[in-house]
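Remember, it's 1-based here, ligands and their atoms both numbered in the order they're listed.
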Amino acid sequence: MKIADRLKRFEGYEGREEKEGIHLDKNENSFGLPKNFKDEIFEELKETPLNRYPPIDPVVLREKLAGYIGSSKENIVLGNGTDPLLPLIYQLFKSEKVVINPPTFAMYSFYAKREGLTVNRIPLDGDFEISCAGDHMKEPSIVCICSPNNPTGNVQPREKIIDVLETDNLVILDEAYAEFSDTSFLDLIEEYDNLIVLRTLSKAFALAGLRVGYAVGSPQMIDSLRSIRTPYSLSVLSIKIAIKALENKDTIQKSIDRIVDERERIINEFKNYAHPSDTNFILLDLDAYDYLKERDIYVRKMKGELEGKIRVTVGKDHENDMLISALNDFIGEKR
Ligand code: PMP
């Protein structure tokens, strides 16, 4: 059997072993959905036939999402999580090159390499901001911008995003964490038809296990994306639960508010080490990965340009208490 040359030594996504302990490593919503809400959903799901295929186009879910973000269903294409929307977008546009701004989310380059595209790395500056200066913008590219950025936590300045949009390159703006921030650039969809915004129910909506993401863009672009996506990619369960969650935004908002409060509590505790965050995680200038792991607290160890730092997801209150106490011990022992 002949494997494609570019995939022979393909570096797969690094999976981590699941161990008992406190998991603050995947930027999930640690609070999850309230039990009574889940009970209600599961009760309703009892009546859902599983022998039937899901709708090819889950219009109701697209309408609910449109209502949620204040646009129309024609602006929305669904994905089984946002991840699989990336290769779909790469396939649709005639470009050989994907521009990424590291340190950023790993999947932009993962899919680019898998699709045989060249990855052009334009690092963020000292304030973790993007730059659109330079020759790389003159050749047609797909530019991936993450705002708020994983793993640095900051939003990009609006004028810099507009600068990139003005180059006429296709811009994929990943707003997976937008609900934890006051800033979103979704409104720019009206003005720029070279913009696609990615959103997900995996973070604020506490539905990472369900795999529901969506892309927002001009009706023409969205129509083309919808035509090349595989049918039935969202399960009947995902569709039903996602609709229910969108009908209960108040419940979701409560957990967002709690996460933001807890985030600020942790940042305040480690003022000398914490970077500001518009997300549900914090980048800390503390090389405490091993120290925390020995105490069964799992966080993300940073590599490359962020070597020596950790990224911690905001947990439940008692988990954050344990994190804070362990990190204070770590700092105390270093002195
Ligand atoms: N974008 C960013 C920036 C992320 O951090 C993640 C998940 N860690 C995703 C997208 C993936 O979201 P989904 O679960 O919808 O595939």
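For atom 1 (N) of ligand 1, the nearest non-hydrogen atom of the protein is D174 OD2, 2.6 Å. Looking only at heavy atoms of the protein, atom 16 (O) of ligand 1 is closest to R211 NH2, 2.8 Å. Remark: minimum distance from atom 6 (C) of ligand 1 to any protein heavy atom is reached at F105 CZ, 3.3 Å. Closest to atom 5 (O) of ligand 1, if we only count protein heavy atoms, is Y177 OH, 2.6 Å. In this structure, atom 15 (O) of ligand 1 lies nearest to the protein heavy atom T200 OG1, 2.6 Å. Of the protein's non-hydrogen atoms, K203 NZ, 3.1 Å is the one closest to atom 7 (C) of ligand 1. Ranking protein heavy atoms by distance to atom 12 (O) of ligand 1, first place goes to T82 OG1, 3.1 Å.
With a heavy-atom cut-off of 4.0 Å, N150 touches ligand 1 through its side chain alone.
In this structure a side-chain-to-backbone donor-acceptor pair under 3.5 Å is present from N154 to F128. Using a distance-only test at 3.5 Å, with no hydrogens or angles considered, no donor-acceptor pair links the side chain of S147 to the main chain of N149. At least one donor-acceptor pair under 3.5 Å links the side chain of N320 to the backbone N or O of G315.
For the ligand labelled ligand 1, residue K26 lies outside the 4.0 Å heavy-atom shell.
The contact set between ligand 1 and A176, taken as ligand atoms under 4.0 Å from a residue heavy atom, comprises 1 (N), 2 (C), 10 (C).
Taking the ring centroids of F105 and Y108, they lie under the 6.0 Å cut-off. The distance between the ring centers of F10 and F110 falls below 6.0 angstrom.
Any N or O atom pair closer than 3.5 Å counts here, and Y108 shares no such pair with ligand 1.
A 6.0 Å sphere centred on NZ of K113 holds no more than 12 heavy atoms belonging to other residues, nucleotides or ligands.
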